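If you're wondering where the values come from, they're calculated on a predicted model, not measured in any experiment.
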Amino acid sequence: MATTQKRRRWRLVLATAVAVGLAFGGCSVQIHSRPDPSIGDDTLLVAGDAGSPNFERNFNPYLSSSRAATDYIYEPLIMINPLDGEQSPWLARDWSQPDPATIEMQLRPDVTWQDGEPFTAEDVLFTFQLLKNNPAIDLNGAWNRLESVEADGDTVTFHLKSADVPAVSVIGKTLIVPEHIWADVEDPSTWRNQDPVGTGPFTVGNFTPQQYSLDKYHDYWQADTVRIEHVVLPAANKEVDLVTRGFDFGYSFMSDVEGTWGAANEHNKYWFPPGGTISLQPNHEVEPFDDVDVRRGLALALDKARIAEVAVEGHMDVASQTGLLLPNQEDLLDPVIPDDGIIAQDREAAIESFEEAGFSYDGTTMREPDGQPFSFSIMTANGYTDALRACQEIQRQLRRIGIEVTIEAPQAAAKESAMSNGDFETAINSSGGGDAYQGYNNLLSSEFYAPVGEASQNNRIRFRDDHVDDLLQQYRRTTDEAAQREIITGLQHEFYDQVPVISLYYGALWGLYNDGRFTGWPTEEDPYAPLQTWGSSLLLIMTHLRPVEGAGDQ
């Protein structure tokens with residue numbers, strides 16, 4: 001266990017070198033970066049947190065305002081790869097579902113909390129009771145699925161409210177906290193937890209308002225897989241910092257990433273796997289977006305490849321209208337669906353689809369059935385430049401068939417509130433993910449339906465369809481993998497036919513890394529985790545990285 005004497009104080013000012021060269025026909029400035037010589041060979045420098053403007057010492061895993069390093073400290077029962085939904089044993093060494101309404105998990109017997117106390121089933125029972133007693137911190141909605149929890153030795157049994165096979169991923173990703181510390185917390189929804197004690201591989205080291213460090217917990221239950229002794233997280237993470245300051249690991253959409261991040265250091269690499277689908281999401285409670293012919297008309301009118309090129313510089317592919325995340329979930333794709341579910345631009349077919357909905361087009365203006373020119377708004381968040389560029393390109397393309405689009409760009413919190421309450425016509429938003437079922441369920445299930453004016457965190461498009469609901473319920477009731485695949489096939493057909501959202505392009509996970517000092521990073525060839533600087537899957541990266549021999553001599 002790391003002690004205060006072992007903790008190091010790290011300098012915020014990192015060494016940089018700038019070389020200015022003259023290019024033929026004009027001047028160009030090339031910025032280079034190199035590792036800070038004060039950063040040890042066993043230390044990872046991460047652009048993974050940001051102050052506002054300074055860091056607040058907050059490590060409560062149930063607060064959205066907590067420090068990013070909370071994910072180095074607290075662990076889930078089951079590790080889930082966000083890219084493909086693959087589940088790996090973590091604090092739970094094994095689990096099973098003896099029936100669709102029951103989950104049994106066997107806990108690891110060799111785990112200790114970072115203060116030396118043993119991790120037991122009582123901590124798991126306590127954690128779930130804590131979430132039940134304080135719904136505000138039940139971030140994954142575990143108690144929407146749970147009826148009760150009980151333990152016998154190292155086995156914890158979760159009794160679900162109904163047949164609910166997919167609940168294992170919701171229960172499994174719950175972060176567990178120690179009863180002997182949290183039992184005395186008066187209000188866990190406001191507690192800052194300044195001196196966190198988890199089961200994870202790192203403890204908090206030196207902490208200042210400008211940067212903080214983490215130290216390896218040497219009694220970690222899989223300490224032999226963690227070869228990093230310290231992690232340093234500075235507050236300054238703007239693009240210029242990322243490019244110039246010798247970071248090992250970062251996360252950012254960066255214009256001309258090859259000419260900035262890539263050119264700054266020969267060891268700077270990046271990998272942008274799809275983590276969701278960026279789509280034009282209509283509010284189904286607002287006419288005429290409740291009409292499938294209107295939604296299909298919009299899908300046919302748009303050149304998604306051009307939108308992706310404008311929005312994210314072509315880094316991401318056009319998205320399938322099946323709702324699947326490709327290529328991550330290509331094994332689930334029904335080959336009967338043409339062109340991998342991609343709906344190509346066809347303006348004539350788009351106009352015909354609008355005409356099926358009672359619209360008319362005179363060559364310059366698209367008119368609704370009552371004769372009024374068709375116009376609507378798209379909402380995105382202020383400061384989300386890629387989404388704004390997507391909106392602007394949609395605006396240009398729809399104008400060519402006589403549809404006028406206005407763009408609303410409130411602050412991010414206001415945009416999220418408007419979508420939650422149904423106060424929008426259409427919006428650019430992300431959906432889906434590594435778990436195909438959860439992607440469909442969260443976006444389409446009428447279980448989450450709320451009338452406009454009432455808040456809902458899922459199904460914010462207010463979609464309702466009895467057959468889709470029946471398919472979702474069928475999936476919950478079966479543990480048979482073949483039956484589950486058949487149900488997913490049915491759902492992708494419904495998604496393709498009903499066009500609940502207009503899929504545009506895949507949303508990237510903008511991972512940046514430097515392999516000069518550490519190797520073992522996830523890549524397209526070895527996609528064991530996304531290159532995220534937050535979330536539990538970060539622990540997968542920490543257990544894979546290895547120092548590069550001789551890196552300190554570079």
Side-chain angles (χ1 to χ4, degrees), residues 46 48 61 68 70-97 103 105 108 139-140 142 165-176 199-201 221-222 225-226 249-251 269-277 316-317 319-320 323-333 430-443 475 481 484-485 488 506-513 518-546:
V46 181
T70 304
D71 295 315
Y72 295 73
I73 298 168
Y74 293 97
E75 298 186 293
L77 293 164
I78 298 173
M79 182 61 65
I80 299 172
N81 183 348
L83 295 177
D84 57 13
E86 182 178 354
Q87 300 172 352
S88 302
W90 214 254
L91 290 179
R93 58 184 171 85
D94 197 10
W95 63 92
S96 61
Q97 293 185 267
I103 302 168
M105 293 190 188
R108 295 187 183 277
L139 302 181
N140 299 321
V165 173
V168 68
S169 63
V170 176
I171 305 304
K173 65 184 177 183
T174 301
L175 298 179
I176 307 302
T199 57
W221 59 274
Q222 51 178 339
T225 69
V226 178
F249 185 20
Y251 184 94
K269 308 293 173 59
Y270 56 89
W271 179 45
F272 302 154
T277 298
M316 303 310 297
D317 292 333
S320 170
L324 295 176
L325 197 61
L326 304 179
N328 307 29
Q329 297 163 343
E330 61 186 358
D331 62 317
L332 298 174
L333 181 66
S430 178
S431 61
D435 186 321
Y437 170 82
Q438 293 295 357
Y440 289 124
N441 190 64
N442 292 346
L443 185 68
Y475 192 100
E481 292 186 5
Q484 290 177 342
R485 290 180 66 90
I488 293 296
Y506 291 119
L509 298 171
W510 305 105
L512 310 172
Y513 66 98
F518 297 94
T519 187
W521 299 97
T523 62
E524 184 175 1
E525 293 72 32
D526 186 16
Y528 66 84
L531 279 164
Q532 293 178 186
T533 56
W534 75 96
S536 291
S537 62
L538 176 66
L539 294 169
L540 286 169
I541 298 176
M542 293 300 105
T543 55
H544 277 72
L545 293 184
R546 299 289 181 269

Checklist entry - Given S536 and M79, is the side chain to side chain contact (heavy atoms under 4.5 Å, CB included) satisfied, shown in steps? => result CA-CA 7 Å; S536 291; M79 182 61 65; 4.2 Å; yes
Checklist entry - Run the side chain to side chain contact (heavy atoms under 4.5 Å, CB included) check on L509 and W271 step by step: do they pass? => result CA-CA 8 Å; L509 298 171; W271 179 45; over 6 Å; no
Could you list the donor-acceptor pairs under 3.5 angstrom formed by side chains in residues 82-93, with sequence neighbours left out?
{"from": "D84", "atom 1": "OD1", "to": "E86", "atom 2": "N", "distance (Å)": "2.9"}
{"from": "W90", "atom 1": "NE1", "to": "E75", "atom 2": "OE2", "distance (Å)": "2.7"}
{"from": "R93", "atom 1": "NE", "to": "L107", "atom 2": "O", "distance (Å)": "3.2"}

Checklist entry - Looking at OG of S169 and CG of N140, how far apart are the two atoms once the value is rounded to the nearest 0.5 Å? => result 9.0 Å
Item to check | Taking every non-hydrogen atom, the tightest pair across T277 and L324 | outcome: OG1-O, 4.4 Å
Item to check | Side-chain (Q329) to main-chain (L325) donor-acceptor, under 3.5 angstrom | outcome: yes
Item to check | Contact check, side chains of Y72 and L538, non-hydrogen atoms, under 4.5 Å | outcome: yes
Item to check | Side-chain touch H544/T225, heavy atoms, less than 4.5 angstrom | outcome: no
Next on the checklist: Within the structure provided, determine whether L545 and Y513 are in side-chain contact (heavy-atom separation under 4.5 Å).
Outcome noted: no
Checklist outcome for this item: Note: A508 and F272 closest approach over all heavy atoms is CB-CB, 4.0 Å
Checklist entry - What's the shortest heavy-atom distance between P274 and P327, and which atoms? => result CG-CD, 4.3 Å
Next on the checklist: Does the plane of the ring in Y251 sit parallel, tilted or perpendicular to the ring in W534? Use 30° and 60° as the thresholds.
Outcome noted: perpendicular
Next on the checklist: Ring centroids only, cut at 6.0 angstrom: are W510 and Y270 within range, meaning strictly under it?
Outcome noted: no
Next on the checklist: Using only atom types and a distance under 3.5 Å, with no angle test, would you say the side chain of R108 pairs donor to acceptor with the backbone of W221?
Outcome noted: no
Checklist entry - Just by distance, do the side chain of Y506 and the backbone of S320 share a donor-acceptor pair under 3.5 Å? => result yes
Checklist entry - Under 4.5 Å between any side-chain heavy atoms of M105 and L77, yes or no? => result yes
Item to check | I78 and V168, any side-chain heavy atoms less than 4.5 Å apart | outcome: yes
Checklist entry - How many angstroms lie between atom CZ of F518 and atom CE of M542, to the nearest 0.5 angstrom? => result 9.0 Å
Under 3.5 Å, which donor-acceptor pairs do the side chains of residues 431-440 form with other protein atoms, sequence neighbours left out?
{"from": "D435", "atom 1": "OD1", "to": "Y437", "atom 2": "N", "distance (Å)": "3.1"}
{"from": "D435", "atom 1": "OD1", "to": "Q438", "atom 2": "N", "distance (Å)": "3.1"}
{"from": "Y437", "atom 1": "OH", "to": "N441", "atom 2": "OD1", "distance (Å)": "3.3"}
{"from": "Y437", "atom 1": "OH", "to": "L472", "atom 2": "O", "distance (Å)": "3.4"}
{"from": "Y437", "atom 1": "OH", "to": "R476", "atom 2": "NE", "distance (Å)": "3.2"}
{"from": "Q438", "atom 1": "NE2", "to": "P166", "atom 2": "O", "distance (Å)": "3.4"}
{"from": "Y440", "atom 1": "OH", "to": "T322", "atom 2": "O", "distance (Å)": "2.6"}

Next on the checklist: Between I171 and I103, is there a side-chain heavy-atom distance shorter than 4.5 Å?
Outcome noted: yes
Checklist outcome for this item: Note: T533 and G250 closest approach over all heavy atoms is CG2-C, 3.9 Å
Item to check | Intermediate values then yes/no, side chain to side chain contact (heavy atoms under 4.5 Å, CB included), Q484 and V165 | outcome: CA-CA 10 Å; Q484 290 177 342; V165 173; 3.6 Å; yes
Checklist entry - Q532 versus S537: any side-chain heavy-atom pair under 4.5 Å? => result yes
Item to check | Inter-residue atom distance L531.CG - K269.NZ, 0.5 Å rounding | outcome: 12.0 Å
Checklist entry - For the atom pair CZ (R546) and OG1 (T519), what is the distance rounded to the nearest 0.5 Å? => result 10.0 Å
Item to check | Atom pair CG/CD of D526 and E524 - distance to nearest 0.5 Å | outcome: 11.5 Å
Checklist entry - Got I541 and P522 here, is their nearest side-chain heavy-atom distance under 4.5 Å? => result yes
